[in-house]
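Reading through the structure tokens given below for one structure.
Naming: A, B, ... by sequence-line order, numbering from 1 per chain. Just so we're clear, the structure is a prediction, and the values are computed from it rather than from any experiment.
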Amino acid sequence: MTTKPLTLAEKVWNDHLVVKGENGSPDLLYIDLHLVHEVTSPQAFDGLRLAGRPVRRTDLTIATEDHNTPTLDIDKPIADLTSRTQIMALRKNAEEFGVRIHSLGDANQGIVHVVGPQLGLTQPGMTVVCGDSHTSTHGAFGSLAMGIGTSEVEHVLATQTLPLKPFKTMAINVEGTLRPGVTAKDIILAVIAKIGTGGGQGYVLEYRGSAIRALSMEGRMTICNMSIEAGARAGMVAPDATTYAFLKGRPHAPEGQDWDEAVAYWDTLPTDEGAVFDAEVNIDANTLDPFVTWGTNPGQGVSLLDTVPDPETFTDANEREAARNALKYMDLVAGTPMKQIPVDVVFIGSCTNGRIEDLRAAANILAGRAKAKDVQVLVVPGSAKVRLQAEAEGLDKIFTDFGAEWRFAGCSMCLGMNPDQLEVGQRSASTSNRNFEGRQGKGSRTHLVSPVVAAATAVRGTLSSPSDLPELPPLTTGIATLGNN
Amino acid sequence: MEKIQVFTGTAVPLKRSNVDTDQIIPAVYLKRITKTGFDDALFAAWRGDSEFVLNQEPYKAGEVLIAGADFGTGSSREHAVWALRDYGFKAVFSSKFADIFRGNAGKQGLVAGVISDADTEALWAAIEANPGVGATVDLVNRTVSIGSLSVPFQIDDYTRWRLLEGLDDIGLTLQSQQAIAEFEAKRASFKPKTLPAKGV
Ligand code: SF4
């Protein structure tokens, strides 16, 4: 018998099959890691309590606080009553059910998708779930990582399994070399603009090709993070030496003989030669520009060198209508060069771009430069550890010297569940992942950008790329060596 | 979960495409920790607008929503389904749903049926010709009808079976307890555990 060549996603799937579904019923899959946060878990724990069920595997479950946590005055009681209620409920549930939790003030507190990889809990070939759509982030390690709903959170807590239907697979081939100032964020914004916000529906995306292999783990996480914005159920990158180097020595990474066994297994995961994807998309990395969104969904993006598109040029009637609505909401006029759009706020953070490498990339541009007048700049590390690391490297000083606000870790202005919100009509350049109406506060207007575009925008006050900035006089402080993004 | 077979309820035309879950229920409502009582949160940003369909008298009692393409995209929040359910909706039809939304709907006893774009238009026309008219959802035969217009909808066999039987997920899975235990016994030892905690 010859074995059929398989894709990465199919291999991970097969290795977690507990019960194969018959007659249209789903497969039952084992879940290796369940990440929990305060927003989507209270009702799930409530359900367990009602049914008298325990958490089946507390040792495969971990909780942290992120969506509601304030980024200022974290030592004071949380002012907002509902935010406080959700966080207190999580703490109580974690204690009652024996789940490990990293609370506000703890060095491992932070955005759930930053914390998992940082602790080395996210590893290749795993199934990872969380009641949060951006769980796709963890696919960067070659794990099958999916966002789930609260009912499913309860299901995983109770059974450590999930009934799932097999997905279709899509290869996203990104070949070539990125030009200076073009980053992982621009790749994924270009992918979404190409396939649309519904283009990945029903698919697990595998990002492949030389441009993906050349990315750091942080960059791969940025890309996998936004798979959900293309409608996909998950995004993955095959593990390689970059993955192993990132994992080695992390608190929960395998050690000694376990490490060798793990690597031997991980090496078997990449998609086999000759495996067939249900769909393929090709992206030329050589020609990519920095990408920005102009509309109210992440697929409504263009090159930063472009202009606001004219809705009347869209051939699809739905897209035309969506573009008209978007321009109205965004208060933009077709034909305006993207680089002339002024912003009120620059937000650097989120599970898309709130990791140390992102902060380094931004700091590298802000160092020695001055902030545009009247622009508020918020820098919010993805986790408390990222914050500590940034401070150890002196990045906080660069940010505050520039005139930015250096905050504590959390989701912050990515979705404005905490006090970090835009005011009605305010416009942001944001390194987060969603530009929906009202996402960053009622009436907020969001342009999604990469960290380096966010930084350049903070300098000029209008959407800008680093190449728009005048050269700095030679540096004397050594910060020029920061980062490599 | 209640068994669902055939029911009739007030039909509501939601003539917008790409209704994401932030529109169905804005993030601010996610702060609640209960599983019910989200009726006031449904389409909260639009409810202030008197032109909005649910603010118009015959549609206030809506139970069957006919929406444009790409319904339920964006955030995975199950609250979107709770809000629809708590408001009184028992079924939503669209030519395209986000996967997570459709999965969540099935688990909460909300029928999410896929209809063609042409049938969406036809149903909208039938409702607008007779505002307040009831739509009959027949899960057994997978049809939705208004008056003499009857269109087929798609729903996968498994979700349909569960809705017809009113079965809940966890109970079903726990029938496979033994298979789960056997799988666990064979898991590789190098797989990470969160406990005992390291790196703290
Ligand atoms: S940073 Fe934003 S996208 Fe990421 S988990 Fe938090 S709210 Fe969700």
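- For A:Leu162, no part lies near chain B; criterion is any non-hydrogen pair under 4.5 Å.
- The main-chain N or O of A:Gly149 is never found under 3.5 Å from a side-chain atom of B:Ser76 such that the two would form a donor-acceptor pair.
- With chain A as partner, the option from B:Ile33, B:Asp157, B:Asn104, B:Val28 having the largest number of non-hydrogen pairs under 4.5 angstrom is B:Ile33.
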(request) Run the numbers on A:Gln43 and B:His79 for side chain to side chain contact (heavy atoms under 4.5 Å, CB included), then give the verdict. (result) CA-CA 10 Å; A:Gln43 287 94 350; B:His79 307 65; 4.2 Å; yes

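- By the 4.5 Å heavy-atom criterion applied to side chains, B:Asp22 and A:Arg439 are counted as neighbours.
- Note on B:Glu184 versus A:Arg56: salt bridge recorded, some NZ/NE/NH1/NH2 to OD/OE distance being below 4.0 Å.
- Residue B:Phe101: no heavy atom, backbone or side chain, is found under 4.5 Å from chain A.
- Heavy atoms of B:Gln23 lying under 4.5 Å from chain A belong exclusively to its side chain.
- The side-chain heavy atoms of B:Pro192 and A:Met126, taken from C-beta on, include a pair separated by under 4.5 Å.
- Here the straight-line distance linking atom CG of A:Leu121 with atom NZ of B:Lys191 works out to 13.0 Å at 0.5 Å rounding.
- Other residues, nucleotides and ligands place no more than 12 heavy atoms under 6.0 Å from the NZ atom of B:Lys193.
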(message) Applying side chain to side chain contact (heavy atoms under 4.5 Å, CB included) to A:Val18 and B:Ser176, what does each step give before you reach the verdict?
(response) CA-CA 9 Å; A:Val18 176; B:Ser176 304; 5.6 Å; no

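- The environment of B:Lys3 atom NZ is sparse: at most 12 non-hydrogen atoms of other residues, nucleotides or ligands sit within 6.0 angstrom.
- Both the backbone and the side chain of A:Glu437 come within contact range of chain B, each with at least one heavy atom under 4.5 Å from a heavy atom of that chain.
- Heavy-atom pairs under 4.5 Å with chain A peak, among B:Pro26, B:Ala197, B:Ala98, B:Ser17, at B:Ala197.
- Salt bridge annotation for A:Lys165-B:Asp156: present, with a cationic side-chain nitrogen under 4.0 angstrom from a carboxylate oxygen.
- For B:Ile100, the part lying under 4.5 angstrom from a heavy atom of chain A is the side chain only.
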(message) Please determine whether side chain to side chain contact (heavy atoms under 4.5 Å, CB included) holds for the pair B:Ile170 and A:Arg53, giving the CA-CA distance in whole Å, both sets of side-chain angles, and the decisive distance to 0.1 Å.
(response) CA-CA 10 Å; B:Ile170 297 179; A:Arg53 293 173 173 139; 3.2 Å; yes

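- Looking at A:Thr150, its side chain never comes within 3.5 Å of a backbone N or O of B:Glu78 through a donor-acceptor pair.
- Side-chain contact between B:Thr173 and A:His155 is present, with heavy atoms from C-beta onward closer than 4.5 Å.
- Looking at B:Ala179, both its backbone and its side chain come within 4.5 Å of chain A, counting heavy atoms on both sides.
- Using modelled atom types, one finds no donor on one side chain facing an acceptor on the other under 3.5 Å when comparing B:Arg102 with A:Gln201.
- A donor-acceptor pair is defined here as one N or O able to donate and one able to accept, closer than 3.5 Å; no such pair exists between the side chain of A:Asp59 and the backbone of B:Thr194.
- When heavy atoms are compared at a cutoff of 4.5 Å, A:Tyr265 approaches chain B solely by way of its side chain, counted from C-beta outward.
- Contact annotation for A:Asp15: only backbone heavy atoms (N, CA, C, O) come within less than 4.5 Å of a heavy atom of chain B.
- Taking a 6.0 Å sphere around CD of A:Glu255, one finds it holds 12 or fewer heavy atoms contributed by other residues, nucleotides or ligands.
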(request) Tell me, with the steps shown, if A:Gln257 and B:Phe190 meet side chain to side chain contact (heavy atoms under 4.5 Å, CB included). (result) CA-CA 9 Å; A:Gln257 195 186 332; B:Phe190 59 75; over 6 Å; no

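- For the options A:Arg57, A:Arg233, A:Met146, A:Lys385, heavy-atom pairs under 4.5 Å to chain B are most numerous at A:Arg57.
- For the 3.5 Å distance criterion, the side chains of B:Gln108 and A:Ser151 qualify, holding a donor opposite an acceptor.
- Within the 4.5 angstrom heavy-atom criterion, atoms from both the backbone and the side chain of A:His16 approach chain B.
- No other option in A:Leu60, A:Asn433, A:Thr197, A:Ile62 has as many heavy-atom pairs under 4.5 Å with chain B as A:Leu60.
- The number of heavy atoms from other shown groups lying within 6.0 Å of CG (A:Asp316) is above 12.
- Between the CG atom of B:Asp99 and the CZ atom of A:Phe167 there is a distance of 8.0 Å, given to the nearest 0.5 Å.
- The main-chain N or O of A:Gly198 is never found under 3.5 Å from a side-chain atom of B:Thr73 such that the two would form a donor-acceptor pair.
- Neither the backbone nor the side chain of B:Trp161 comes within contact range of chain A, judged by heavy atoms closer than 4.5 Å.
- Ranked by non-hydrogen atom pairs under 4.5 Å with chain B, the options A:Gly202, A:Gly21, A:Pro298 are led by A:Gly202.
- When each of A:Ala232, A:Pro26, A:Ser25 is scored by its heavy-atom pairs under 4.5 Å with chain B, the top score falls to A:Pro26.
- Neither the backbone nor the side chain of B:Ala44 comes within contact range of chain A; no heavy atom of the residue lies under 4.5 Å from a heavy atom of that chain.
- A distance of 8.0 Å separates CG in A:Asn318 from CG in B:Asp70, rounded to the nearest 0.5 Å.
- Neither the backbone nor the side chain of B:Ala45 comes within less than 4.5 Å of any heavy atom of chain A.
- Using a 4.5 Å cut-off between heavy atoms, B:Ser75 contacts chain A through both its backbone and its side chain.
- Of the atoms belonging to A:Ala262, heavy atoms from both backbone and side chain fall under 4.5 Å from chain B.
- Taken to the nearest 0.5 Å, the OG1 atom of A:Thr159 stands 9.0 Å off from the CG atom of B:Asp169.
- Looking at B:Arg162, there are no atoms closer than 4.5 Å to chain A (heavy atoms on both sides), in backbone or side chain.
- Panel note: side chain A:Asn108, backbone B:Gly199; a donor-acceptor pair is recorded below 3.5 Å.
- If you measure heavy-atom distances from B:Asp20 to chain A, the contacts under 4.5 Å come from the side chain alone.
- Across A:Ala44, A:Pro42, A:Pro251, the residue that shares the most heavy-atom pairs under 4.5 angstrom with chain B is A:Pro251.
- Looking at A:Leu33, only its side chain comes within 4.5 Å of chain B, counting heavy atoms on both sides.
- Using a 4.5 Å heavy-atom cutoff, the side chains of B:Arg187 and A:Asp32 are in contact.
- Your options are A:Leu28, A:Thr135, A:Asn23, A:Val19, and the one with the most heavy-atom pairs under 4.5 Å with chain B is A:Leu28.
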